[in-house]
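Beneath this line is the structure, given in structure tokens, with notes to follow.
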Number of protein chains: 2
Amino acid sequence: MKSNVKTRHEARAKIIKAMAHPSRLFIIEELSKRECCVNELTEMIEADTSTVSKHLSVLKNAGLVTDEKRGNSIFYSLRCPCIMDFVSCVEDVLSSNAKEHIEILKCCKG
Amino acid sequence: MKSNVKTRHEARAKIIKAMAHPSRLFIIEELSKRECCVNELTEMIEADTSTVSKHLSVLKNAGLVTDEKRGNSIFYSLRCPCIMDFVSCVEDVLSSNAKEHIEILKCCKG
DNA sequence: TGGCTATTTGGCTATATTGCCAAATATAAT
DNA sequence: ATTATATTTGGCAATATAGCCAAATAGCCA
């Protein structure tokens, strides 16, 4: 693979990898509705605060979210709303998978 | 997090995780142009055949690609072309990141 | 100042992923 | 049948990730 092509895909993979976790997808979905602080997300996810904080830092590092300190809290928000379009594409794959499984079941039954 | 919400995000994460690797993104991009067999992809990627084969099985397992045996080879193709729309969203994030870095540099220079 | 709340960081263990090699399998061609 | 070609599988070592606890940090308020 040519070096510049490799670099391009590494950059993309970095961002996609940041999304590739259930809790982080949950966070992305919540932030697409409204900005949230760490505490709010922690309560929703029901994990350790430090764990959620680390997830947020992964997302921030990838450039998917931004944070803003206001009063006592830090509010996170989604940086590129187009991310949610992607989630809908993932849903397409999922339903496509489900259809195929149903087809396979039909075939088994004969 | 409610159990059904958790399940939904786990399913999504599984698919996204399958995309989250430079070589697999390269494969997805190539397959979006035309179907390819393992050998072709192996030559392009310049890795061990077994490595590429395993990447393909990850993609297949997630339902992102299908394979079809023809003659001596197995041809892989992309199952949901909308995946490429997502890649363009990732590009948005990347260029948005780049812009921000440039802004930061400007600020430093004063 | 000193305590309070919100968040991040360090450290650790458990688990998952990657990529190579060698070996197994499958199919085509001679 | 034997050989050659294409692909997958098993095994292993190196590396990366996840999540918890404890401790550190930062800003607010009395």
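We name chains A, B, ... by the order of the sequence lines, and we start the count at 1 in each one.
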Checklist line | Neighbour count above 12 (heavy atom, 6.0 Å) for K33(B) NZ | finding: yes
Using a cut-off of under 3.5 Å, enumerate the N/O to N/O pairs linking the protein to nucleotides 28-30 of chain D.
none

Notebook entry, point to check: Quick one: does M44(A)'s side chain get under 4.5 Å of K2(B)'s, heavy atoms only?
Noted result: no
Item checked: Separation of dT5(D) P from E43(B) CD (nearest whole Å) -> 13 Å
Note to self: How many whole angstroms separate atom CD1 of I45(B) from atom C1' of dT18(C)?
What the structure shows: 13 Å
Notebook entry, point to check: Of all residues at least two apart in sequence or in a different chain, which pass the side chain to side chain contact (heavy atoms under 4.5 Å, CB included) check with A18(B)?
Noted result: V58(B), A62(B), L64(B)
Item checked: For DNA chain C, the residues among residues 4-13 of chain A that have a non-hydrogen atom under 4.0 Å from it -> none
Distances for protein N or O near nucleotides 9-11 of chain D N or O, under 3.5 Å:
unit_1	atom_1	unit_2	atom_2	d
dG10(D)	O6	K54(B)	NZ	3.0
dG11(D)	O6	K54(B)	NZ	2.7

Margin query: Rounding to an integer number of Å, can you tell me how far N61(B) CG sits from dA16(C) P?
Written below: 15 Å
Item checked: Distance in angstrom units between K60(A) NZ and dT7(C) C1', rounded -> 11 Å
Notebook entry, point to check: If you check every side-chain atom of A47(A), which of dG27(D), dC20(D), dT7(D) has the closest atom?
Noted result: dC20(D)
Note to self: Can you tell me how far apart CD1 (I16(A)) and NE2 (H21(B)) are? Round to the nearest 0.5 Å.
What the structure shows: 12.0 Å
Item checked: Under the ring-ring contact (aromatic ring centres under 6.0 Å, His included) test, residues paired with F75(A) that sit two or more places apart -> none
Check: Does a side-chain heavy-atom distance below 4.5 Å link P22(B) with R8(A)?
Finding: no
Notebook entry, point to check: Taking NZ from K69(A) and P from dT7(C), how many angstroms apart are they, rounded to a whole number?
Noted result: 9 Å
Next item on the list: Would you mind reading off the bend of the helix from dT1(C)-dA30(D) to dT30(C)-dA1(D) from its two end axes, five pairs each, to 10 degrees?
Entry: 20°
Notebook entry, point to check: Tell me: CG of L59(A) to P of dT8(C), nearest whole Å?
Noted result: 12 Å
Note to self: Check the phosphate of dT17(C) against H55(B), side-chain N and O only, distance under 4.0 Å to OP1 or OP2. Yes or no?
What the structure shows: no
Margin query: Enumerate the salt bridge (Lys or Arg N to Asp or Glu O under 4.0 Å) contacts for residues 45-62 of chain B, please, sequence neighbours excluded, ordered by first and then second residue.
Written below: K60(B)-D67(B)
Check: Hey, can you pull the residues of residues 14-42 of chain A with a non-hydrogen atom under 4.0 angstrom from DNA chain D?
Finding: K17(A), H21(A), R24(A)
Check: Of all residues at least two apart in sequence or in a different chain, which pass the salt bridge (charged side-chain N to carboxylate O under 4.0 Å, His left out) check with K99(B)?
Finding: none
Next item on the list: With sequence neighbours left out, write down each residue that passes side chain to side chain contact (heavy atoms under 4.5 Å, CB included) with S88(A), or none if nothing qualifies.
Entry: none
Next item on the list: Let me know the distance between CD of E68(A) and C1' of dG27(D), rounded to the nearest Å.
Entry: 15 Å
Notebook entry, point to check: Can you name the residues that form a ring-ring contact (aromatic ring centres under 6.0 Å, His included) with F86(A), not counting sequence neighbours?
Noted result: F86(B)
Check: Looking for any heavy atom pair under 4.0 Å, which part of the strands does Y76(A) touch: base, sugar-phosphate only, or nothing?
Finding: sugar-phosphate
Next item on the list: Please name all residues satisfying salt bridge (charged side-chain N to carboxylate O under 4.0 Å, His left out) with R12(B), sequence neighbours left out, ordered by chain then number.
Entry: E29(A), E91(A)
